**Q** 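My questions will all concern the structure given below.
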2 protein chains.
Amino acid sequence: MGQPLSSSGNDGPDIRILDAAERLFMEHGYEATSTRMVTRDAAVNLAAVNYYFGSKEGLMQAVLRRRLDWLNRERLHLLDAAETEARGAPLKPSLIVDYFFGTLLRMGARPETGGQTFQRLLGRTHTEPAAFISTFLASEYADVVNRYKSALCRALPDVPREEIVWRFHFMLGATAYAITGTDSLQLITDWKMEEDVQVQAQKLLARLMSFLLGGLRAPLPQSRSA
Amino acid sequence: MGQPLSSSGNDGPDIRILDAAERLFMEHGYEATSTRMVTRDAAVNLAAVNYYFGSKEGLMQAVLRRRLDWLNRERLHLLDAAETEARGAPLKPSLIVDYFFGTLLRMGARPETGGQTFQRLLGRTHTEPAAFISTFLASEYADVVNRYKSALCRALPDVPREEIVWRFHFMLGATAYAITGTDSLQLITDWKMEEDVQVQAQKLLARLMSFLLGGLRAPLPQSRSA
DNA sequence: GTATCTTTCAAACGTTCGTTTAACTTCATG
DNA sequence: CATGAAGTTAAACGAACGTTTGAAAGATAC
């Protein structure tokens with residue numbers, strides 16, 4: 001285990017800062033979250049953010065890296081194992097989609113990996129305008145996205161690579177929006193409060209997987225029309 | 001025509017402020033955009049934002065309202081006309097999806113309705129954390145979303161209403177992410193620069209429609225498994 | 001116990017923020 | 001021309017921002 005993933009309550013100051021920042025960045029976004037809010041919630045001195053993470057930008061990167069490193073390593077392990085077992089044969093699209101998006105959604109049901117908090121933060125972070133965030137995400141995702149794009153191309157040999165890339169983009173957008181759970185349009189008004197977070201996540205996963213696979217395997221758009 | 005939609009270059013100060021704010025909010029987000037940046041780009045005095053729009057929040061709402069009022073009115077007109085012509089028969093799902101999402105994408109190809117700038121701003125705005133933005137969007141979308149949800153339920157009588165709502169949510173997420181064009185993961189690296197904005201928008205529309213319809217008509221997830 | 005390194009702390013740094021004020025200009029109307 | 005509303009302006013307001021500082025406190029090794 002490289003870095004600690006849990007927040008058992010009596011952690012060091014740096015972990016408490018990461019936990020507080022994760023929640024506040026998720027709730028208010030990067031710009032609207034001040035270092036004073038973070039240090040107050042983490043019960044540390046104002047200077048602690050700069051002492052441990054250098055700057056507010058460094059804190060944001062540390063918050064994302066703590067979970068993303070684990071997530072993308074898991075994604076690569078699953079794909080590696082499946083491709084090794086398949087001995088060069090193409091994988092099923094449903095398996096590839098489940099490894100990439102299902103791993104993220106199952107992560108949200110486990111509190112020791114940040115639970116829903118990190119899920120919602122990550123979904124929102126994909127549309128954060130700050131340049132350093134885009135750069136950071138691109139470097140964190142570079143390997144895993146290329147691997148999954150290649151796997152999808154082998155799994156769907158009749159679909160042009162350009163189309164695969166676009167549909168990966170669409171799947172990412174649907175997932176990012178679904179896990180943020182902001183629901184600014186209040187489309188989802190019937191949250192069952194009696195259900196625990198595991199059941200909710202499982203139902204969302206099943207629904208999202210059906211949608212993503214339906215979109216991924218949809219007939220190609222005709223290039224010339226209208 | 002209620003309010004002017006174009007920016008011919010020699011408009012009044014309030015229109016110049018809206019144009020500048022639309023571009024800056026799109027590029028940097030709401031929080032990272034200051035009233036000083038807006039007034040500098042619009043070539044007006046610093047106090048003009050408060051004079052014309054009351055506050056920075058009022059400016060943001062005016063920026064969104066200028067385009068959203070037109071967009072959602074158009075969406076309702078198209079649905080009204082089609083339902084009148086159908087005389088109570090359910091509409092084709094592809095038609096409903098095209099009216100809702102296609103109208104938005106076609107809007108982006110026309111400079112007089114804000115073009116890509118408003119499209120990208122709107123996609124990003126759906127995930128803005130500020131509470132007043134969620135409230136504003138909810139009120140702007142309330143009517144049109146309810147009408148389209150009902151139309152989809154009639155068009156797909158075998159799909160439970162709850163499932164329709166979720167898939168509408170997924171479609172919205174895929175579309176919002178696609179039109180922001182932020183591409184923080186640099187998935188889309190092969191933008192054809194020689195193609196004009198109309199051709200790009202048309203290709204995106206065709207691709208997105210295939211994906212959305214594939215997801216909307218996907219087989220339902222089995223409720224009990226694993 | 002002394003020396004050395006790490007961590008914590010209150011206080012302040014300079015800058016930028018959204019907003020307000022009051023004086024000034026513009027300009028159509030009587 | 002006189003009047004008053006509408007628009008514009010420079011200047012300033014208090015508050016909050018990210019970051020830095022230097023000293024105090026704590027921990028570790030000899």
Side-chain angles (χ1 to χ4, degrees), chain A residues 3-4 7 9-65 121 125 128-133 135-136, chain B residues 3-4 7 9-65 121 125 128-133 135-136:
Chain A
Q3 55 272 52
S7 52
N10 51 358
D11 290 312
D14 50 341
I15 304 297
R16 288 209 313 279
I17 292 172
L18 287 177
D19 289 340
E22 183 173 66
R23 188 167 34 81
L24 289 167
F25 283 149
M26 176 273 286
E27 191 171 347
H28 305 104
Y30 174 76
E31 295 287 346
T33 300
S34 69
T35 57
R36 282 170 175 83
M37 296 163 65
V38 173
T39 53
R40 192 185 315 123
D41 275 32
V44 296
N45 186 266
L46 171 60
V49 163
N50 297 91
Y51 178 79
Y52 283 104
F53 304 100
S55 64
K56 188 186 170 186
E57 287 195 6
L59 172 60
M60 178 62 157
Q61 294 185 29
V63 166
L64 296 175
R65 183 157 31 224
L121 169 65
T125 303
E128 279 278 359
F132 84 94
I133 295 182
T135 306
F136 175 79
Chain B
Q3 56 271 53
S7 54
N10 50 0
D11 289 312
D14 51 340
I15 304 298
R16 287 209 312 279
I17 292 172
L18 287 177
D19 289 338
E22 182 173 65
R23 187 167 34 80
L24 289 167
F25 284 149
M26 177 271 287
E27 191 171 346
H28 305 104
Y30 174 75
E31 294 288 347
T33 300
S34 69
T35 57
R36 284 170 173 82
M37 296 164 64
V38 172
T39 53
R40 192 185 315 124
D41 275 31
V44 297
N45 185 267
L46 171 61
V49 162
N50 296 91
Y51 179 79
Y52 282 104
F53 304 100
S55 64
K56 188 185 171 187
E57 287 194 7
L59 171 59
M60 179 60 157
Q61 295 185 30
V63 165
L64 296 174
R65 183 157 32 223
L121 170 64
T125 302
E128 280 278 359
F132 84 95
I133 294 183
T135 306
F136 174 79

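Computed from heavy atoms alone, side chains included, the values below leave out hydrogens, waters and symmetry copies. It should be emphasised that the depicted structure is a prediction, and the values quoted were computed from it without experimental measurement. Numbers restart at 1 for each chain; the letters A, B, ... are given by sequence-line order, proteins then strands.
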**Q** Testing the basics here: between B:Asp14 and B:Phe53, what is the closest heavy-atom pair and its distance to 0.1 Å?
**A** O-CZ, 3.8 Å

**Q** I need the minimum non-hydrogen distance between A:Leu64 and A:Leu121, along with the two atoms involved.
**A** CD2-CD2, 4.0 Å

**Q** Using a 4.0 Å cut-off on protein heavy atoms (strictly under), produce a 5'-to-3' string for nucleotides 14-27 of chain C with B for base contact, S for backbone-only sugar-phosphate contact, and - for none.
**A** ---BBBB-------

**Q** Treat a base pair as Watson-Crick or G-U wobble with both distances under 3.5 Å, then lay out DNA chain C in dot-bracket form, 5' to 3', with | for cross-strand pairs.
**A** ||.|||||||||||||||||||||||||.|

**Q** I need the A:Thr35 OG1 to A:Ile17 CD1 distance, nearest 0.5 Å.
**A** 10.5 Å

**Q** Quick one: closest heavy-atom pair of A:Ser55 and A:Asn50, and the distance?
**A** CA-ND2, 3.9 Å

**Q** Locate the shortest heavy-atom distance separating B:Ala42 from B:Arg16; write the atom from each residue and the value.
**A** O-NE, 2.9 Å

**Q** For the CZ atom of A:Phe136 and the OG1 atom of A:Thr125, what is their distance to the nearest 0.5 Å?
**A** 10.0 Å

**Q** Contact between A:Leu18 and A:Leu59 at the side-chain level, heavy atoms closer than 4.5 Å - yes or no?
**A** yes

**Q** What is the minimum heavy-atom distance between B:Pro129 and A:Glu27, and which atoms define it?
**A** CB-O, 3.7 Å

**Q** Provide the start and end nucleotides, 5' to 3', of the part of DNA chain D that has atoms under 4.0 Å from heavy atoms of chain B.
**A** D:dA6 to D:dA12

**Q** Please report the shortest heavy-atom distance between A:Lys56 and A:Thr33, naming the atom on each side.
**A** NZ-O, 2.7 Å

**Q** Hey, mind stepping through B:Tyr30 and B:Glu57 against side-chain contact (heavy atoms from CB on, under 4.5 Å) and telling me if it holds?
**A** CA-CA 9 Å; B:Tyr30 174 75; B:Glu57 287 194 7; 3.3 Å; yes

